[in-house]
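Here the structure is a predicted model, which means the values were calculated and not measured.
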Protein chains: 2
Amino acid sequence: MTAVDARAVSPASAAPIDPRRAWQVVLQHIEADLLAGRLVPGDHLPAERTLASELGVGRSSVREALRVLEVLGLIRTQTGSGPQSGAIIVARPSGGMSSLMRLQVAAQGFDVRDVVKTRLVLEAAVVTELAEASGARVDGLDLGPAVELLDAMDADGRVSEAEFLALDAAFHLALAELSGNAVIASMMAGLRNSIESYVLAGVPNLPSWAETSGRLRHEHRSIVDAIETGDAELARGRVRAHITGYYTETNFISAPADPLTR
Amino acid sequence: MTAVDARAVSPASAAPIDPRRAWQVVLQHIEADLLAGRLVPGDHLPAERTLASELGVGRSSVREALRVLEVLGLIRTQTGSGPQSGAIIVARPSGGMSSLMRLQVAAQGFDVRDVVKTRLVLEAAVVTELAEASGARVDGLDLGPAVELLDAMDADGRVSEAEFLALDAAFHLALAELSGNAVIASMMAGLRNSIESYVLAGVPNLPSWAETSGRLRHEHRSIVDAIETGDAELARGRVRAHITGYYTETNFISAPADPLTR
DNA sequence: CAGGCCGTGTGGTCAGACCACAGCATATGC
DNA sequence: GCATATGCTGTGGTCTGACCACACGGCCTG
């Protein structure tokens, strides 16, 4: 079988032409298996060579489709033999979201200011959700995972700027995960990831890192307090001030306030 | 040059081993070019064969990277010769966002309910933004592109259910685009796309399509009215009711209200 | 029975060969 | 002189076959 067979043959084509490219055939086949429940997280995909012969395409086309699935965070591949080898369904969205947003920012498809605005919207929604969930329970909500990160940031002087900002990102991500919404959590991870280099580049613009980091730590605590108190309005306001404050201080964003978060 | 040269050679490796896989080398190379501004939307990527020899990898590895970029919405490829052929930077995020979310939903990485919740959050943010932007101007805001879609939906009886829902999706997307935030707009496109099949599948659950579609059309108009009036609070409430109402009616979502949107 | 060895199947990569296609330069016709 | 037809050239799209490194698991050996 040669390439011409798999696609179109002008005169009286016995087999109907397939406008899809070979790798799309593979992708859609796997997607259909996922939708039908024939493939669930943890399952192995057939071997590349098997998939190729089953679908009547070349192995390279299969690999192009698998590469897409891998970048999108749907599969994990590993060489060798045994239970852990091959392509396994994992469904980890954050990696794909990060790649997508990072590249779109790089390609000027996304404006950095829009990324920040969007983060503001999602972050506000997250703390609102958490605060109301906390207020609805007599014993409050367990923000342990997030608070642990704050404790780590309190190791004053022993945390570099990059480490501090990484912990900061992890804290906000932890809040998103605590809200239980995987979609928002992965979006936040992607948004933050896509502008990470810009955030780091803004540090030298700060008048005093010690002062800023101290303020950030205090603001984090106050956000947690507002959530635990169940005061959604307060939590939303504080998280908005927290984020816009930092970006304004690093001359990153011009607009001090944003109506979207209200 | 064989595969072993490109990767590791155990004894006294003259060239340092590269833990990255070949396609990642290509991807990062292109990303670096984008970040440095050496590649901007509209530019052509080097030919696959050229890229391969320049980076010292095989053409198949280059193609795997290009495939990823294509699915992520960064490039567009075309065969033949001339100015329109080859791989061209386009930076259209919505396609990649749709693929990502659709596949993650299929692979159970995203819960459909979380998708709806997230859409609620973003949609509320969009109309809030629009209403405040409109209220700040004496002449209001031009919602023309969105209203045109509503007019198309008013061709009662001559619009199939699928067409109606497509117009519905386009309307909401138009609002997001009018807000000027490309990040949110592409997210909305992806979210909607990822649950499109579920939305269509829910139509038979409706007691009366005529009644429901009529209500939806009325709600759309009322949302537009609220935006043009500049009443953000009202617009937010209406859009929330609009979305939750439909999903509740199709037995799609159990929770009638969601605190995230308040 | 324990340890080491090797077969086997996996993904990772490359090289080379075609194909269809689109543009453009050239040649050919009027 | 102009318009049309022709073929060349370079592009992505695809397949095939060949290696490699690797990890497991059964087998053999001590």
Side-chain angles (χ1 to χ4, degrees), chain A residues 1-11 13 15 17-27 30 43-71 75-90, chain B residues 1-11 13 15 17-27 30 43-71 75-90:
Chain A
M1 177 180 299
T2 62
V4 69
D5 295 316
R7 296 182 67 76
V9 180
S10 314
S13 51
I17 68 167
D18 192 339
R20 296 177 302 174
R21 286 183 280 172
W23 61 271
Q24 290 176 311
V25 173
V26 180
L27 209 49
I30 295 175
D43 282 359
H44 278 69
L45 251 51
E48 294 180 357
R49 293 163 177 85
T50 307
L51 215 41
S53 69
E54 281 179 356
L55 298 179
V57 300
R59 191 183 161 207
S60 49
S61 298
V62 171
R63 283 184 59 77
E64 288 180 21
L66 293 188
R67 206 55 53 231
V68 169
L69 291 175
E70 180 173 347
V71 170
I75 64 172
R76 172 177 64 79
T77 63
Q78 196 160 325
T79 63
S81 71
Q84 290 306 305
S85 74
I88 304 178
I89 311 279
V90 292
Chain B
M1 181 179 299
T2 61
V4 68
D5 295 317
R7 297 182 66 76
V9 180
S10 316
S13 52
I17 68 167
D18 193 338
R20 295 178 301 175
R21 286 186 280 171
W23 61 271
Q24 291 176 309
V25 173
V26 181
L27 210 50
I30 295 174
D43 283 358
H44 278 69
L45 250 51
E48 295 179 356
R49 293 163 177 85
T50 307
L51 214 42
S53 69
E54 280 180 356
L55 299 179
V57 301
R59 190 183 162 208
S60 48
S61 298
V62 171
R63 284 184 60 75
E64 289 180 22
L66 294 188
R67 207 54 53 229
V68 170
L69 291 176
E70 181 172 347
V71 170
I75 63 173
R76 171 179 66 77
T77 62
Q78 196 158 326
T79 63
S81 69
Q84 290 306 308
S85 74
I88 304 179
I89 311 279
V90 292

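- To the nearest 0.5 Å, the span separating CZ on R21(B) from OG1 on T77(A) amounts to 4.0 Å.
- Nucleic acid contact for R76(A): none, since no nucleic acid atom lies under 4.0 Å from a heavy atom of the residue.
- Between Q84(B) and R76(B) there is a side-chain heavy-atom pair separated by less than 4.5 Å.
- Remark: L45(A) CG to I75(A) CD1 distance equals 6.0 Å, nearest 0.5 Å.
- Summarising the geometry, the separation between CG on L66(B) and P on dT14(D) is reported as 13 Å, rounded to the nearest angstrom.
- Considering CD of Q24(B) and CD of E70(A), their distance stands at 7.0 Å, rounded to 0.5 Å.
- In this structure, E48(A) atom CD and dC20(D) atom C1' are separated by 14 Å, rounded to whole Å.
- In this entry the distance linking CD1 of I75(B) with P of dT11(D) reads 15 Å, nearest Å.
- Residue contacts shown for G82(B) are limited to sugar-phosphate atoms, with no base heavy atom under 4.0 Å away.
- Rounded to whole Å, atom P of dG9(C) lies 16 Å from atom NE2 of H44(A).
- Proximity of S61(A) to the phosphate of dG13(D): no side-chain N or O atom is located under 4.0 Å from OP1 or OP2.
- When each of A87(B) and Q78(A) is assigned the nucleotide of DNA chain D bearing its nearest heavy atom, the one mapping closer to the 5' terminus is A87(B).
- Atoms CG (L51(B)) and C1' (dT11(D)) sit 14 Å apart, rounded to a whole Å.
- In this structure, CD1 of I88(A) is placed 10 Å from P of dG11(C), rounded to the nearest angstrom.
- Here the shortest heavy-atom pairing between W23(B) and A65(B) reads O-CB, 3.6 Å.
- Among the atoms of the strands shown, none is found under 4.0 Å from any heavy atom of Q84(A).
- Picking from dG12(C), dC24(D), dC15(D) the nucleotide with the shortest atom distance to the side chain of P83(A) gives dC24(D).
- For the pair T77(A) and S81(A), both in contact range of DNA chain C, the more 5′-proximal nearest nucleotide belongs to S81(A).
- The CZ atom of R67(B) sits 11 Å away from the C1' atom of dT14(D) (whole-angstrom rounding).
- A donor and an acceptor atom sit less than 3.5 Å apart, one in the side chain of R49(A) and one in the base of dG11(C).
- Side-chain atoms of T79(A) lie closest to dC22(D) of the nucleotides dC22(D), dG9(C), dT11(D).
- Taking 3.5 Å as the limit, the base of dT13(C) and the side chain of R59(A) contain a donor-acceptor pair of atoms between them.
- At whole-Å resolution of the value, CZ in R63(A) and C1' in dG11(C) are 6 Å apart.
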